[in-house]
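Input: a single structure, listed below in structure tokens.
Just so it is clear, the values below take in all heavy atoms, side chains as well, and ignore hydrogens, waters and symmetry mates. Everything quoted here is computed from the prediction, not taken from an experiment.
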Amino acid sequence: DDFNQENRISGAKVDALAEKIARAAKLLNARGVPLLIMLSPSKTTVYREDIPRRYIDERVDRSNSNYDLLGSALRKHGVPFFDGVAFTLQLKATSPYRVFPKSGTHWSQHTSCLVVEQLTARLATLLQKQLHSPRCNPPELRQIPEPFDRDLADLSNIWNVSRFFTELPYPPPQQPASEHPELYQP
């Protein structure tokens, strides 16, 4: 259970991992292949308030989590990474929509699109090329989530799962990348 930090890794092991990643990144860069690591959040990190109190171990010191240690170690070793945790927490604070649907396990399709938009921008900088990026806004609002955004509700074995549904944004239809031949296609 990562939320209660039962799987905590020592700082030395995390640093050794980041050092290995840095060596791999150096080898890849020598071949013209940039490496970008992404740290992604769990739903419990973003929506702690949704966890029933009986499942939260209040005795746990949540500072220096695996996420904190890995981010610090990647910075120390100069490994480029996208902090999806910080991005998603900021998005939660500023967006009128949930970034993880109540009815689902994973971040929403709209949040996924916004993350891919950020990753594409970072990769374009690393590759020094212009890349095709998804268009995430304006989103289409739907009352009934797509299956991807309601996997928990569907697993619940409850006759009427609609009480778990909230209005969710979905990315608008995308133009195929082939319609932009001037953009680099990795």
Side-chain angles (χ1 to χ4, degrees), residues 1-18 21 36-77 79-119 122 134 136-171:
D1 177 28
D2 287 331
F3 182 75
N4 285 321
Q5 299 200 14
E6 294 175 8
N7 300 315
R8 191 175 246 174
I9 303 170
S10 74
K13 284 185 179 180
V14 171
D15 192 67
L17 173 64
I21 294 170
L36 178 63
I37 300 293
M38 183 177 103
L39 304 181
S40 64
S42 68
K43 187 174 183 177
T44 56
T45 300
V46 178
Y47 287 106
R48 179 181 176 174
E49 64 272 16
D50 288 352
I51 303 170
R53 292 188 58 80
R54 67 183 175 272
Y55 296 116
I56 298 173
D57 186 347
E58 297 293 348
R59 300 167 298 171
V60 171
D61 175 12
R62 292 196 179 359
S63 63
N64 291 321
S65 66
N66 292 338
Y67 157 73
D68 296 322
L69 293 172
L70 184 56
S72 295
L74 291 173
R75 274 189 281 285
K76 172 184 166 186
H77 291 286
V79 176
F81 71 96
F82 173 73
D83 191 340
V85 177
F87 177 79
T88 306
L89 288 169
Q90 178 198 13
L91 191 59
K92 175 189 174 193
T94 59
S95 174
Y97 311 110
R98 286 182 62 94
V99 294
F100 282 80
K102 271 193 175 283
S103 57
T105 307
H106 309 283
W107 46 25
S108 71
Q109 287 187 32
H110 186 249
T111 303
S112 297
C113 185
L114 294 170
V115 167
V116 169
E117 193 176 64
Q118 294 292 313
L119 290 171
R122 290 286 303 276
C136 303
N137 290 306
E140 297 176 358
L141 299 178
R142 299 186 195 158
Q143 300 299 318
I144 299 174
E146 296 290 322
F148 176 85
D149 287 330
R150 66 171 196 246
D151 59 334
L152 285 179
D154 289 344
L155 284 171
S156 67
N157 198 26
I158 297 173
W159 182 262
N160 183 0
V161 295
S162 64
R163 68 180 171 170
F164 300 113
F165 296 167
T166 56
E167 183 175 68
L168 286 176
Y170 286 86

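For the pair V46 and L89, the tightest heavy-atom approach, listed with the atom from each and the gap, is CA-CD2, 3.9 Å. Across N66 and N7, no two heavy atoms sit closer than the pair ND2-O, 3.0 Å. Of all the heavy atoms in Y67 and A86, the pair that sits closest is OH-N, 3.9 Å. Closest heavy-atom contact between K43 and G104: NZ-O, 2.5 Å. Scanning all heavy atoms of the two residues, the minimum distance from P169 to H110 falls at O-CB, 3.3 Å. Scanning both residues, L168 and P101, for their nearest heavy atoms gives CD1-CB, 3.6 Å.
A salt bridge does not link E49 with K102: every distance from a Lys NZ or Arg NE/NH1/NH2 to an Asp or Glu carboxylate oxygen is 4.0 Å or more.
Residues satisfying the salt bridge (Lys or Arg N to Asp or Glu O under 4.0 Å) criterion with D57, sequence neighbours excluded, are R59. Evaluation of the side chain to side chain contact (heavy atoms under 4.5 Å, CB included) rule for K76 yields D15 as partners, not counting sequence neighbours.
Looking only at side-chain heavy atoms (C-beta outward), C113 and V115 stay at 4.5 Å or farther from each other. In this structure, L114 and V99 have side chains that are not in contact, with every pair of non-hydrogen atoms separated by 4.5 Å or more. Inter-residue side-chain proximity for L91 and Y97 is flagged as unmet; no heavy-atom pair is nearer than 4.5 Å.
Aromatic ring orientation, F100 versus W107: tilted (interplanar angle from 30° to 60°).
Rounded to the nearest 0.5 Å, atoms CD1 (I56) and OG1 (T44) are 9.5 Å apart. The line from CG of L152 to NE2 of H106 is 8.0 Å long, rounded to the nearest 0.5 Å.
A side-chain hydrogen bond (donor to acceptor under 3.5 Å, both in side chains) with R98 is found for exactly one of T166, D50, T111, namely D50.
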Distance-only donor-acceptor pairs under 3.5 Å for side chains of residues 142-150, two or more places apart:
unit_1, atom_1, unit_2, atom_2, d
R142, NH1, E146, OE2, 2.6
R142, NH2, E140, OE1, 3.1
Q143, NE2, E167, OE2, 2.8
D149, OD2, Y170, OH, 2.8
R150, NE, D154, OD1, 3.3
R150, NE, D154, OD2, 3.2
R150, NH1, P145, O, 2.6

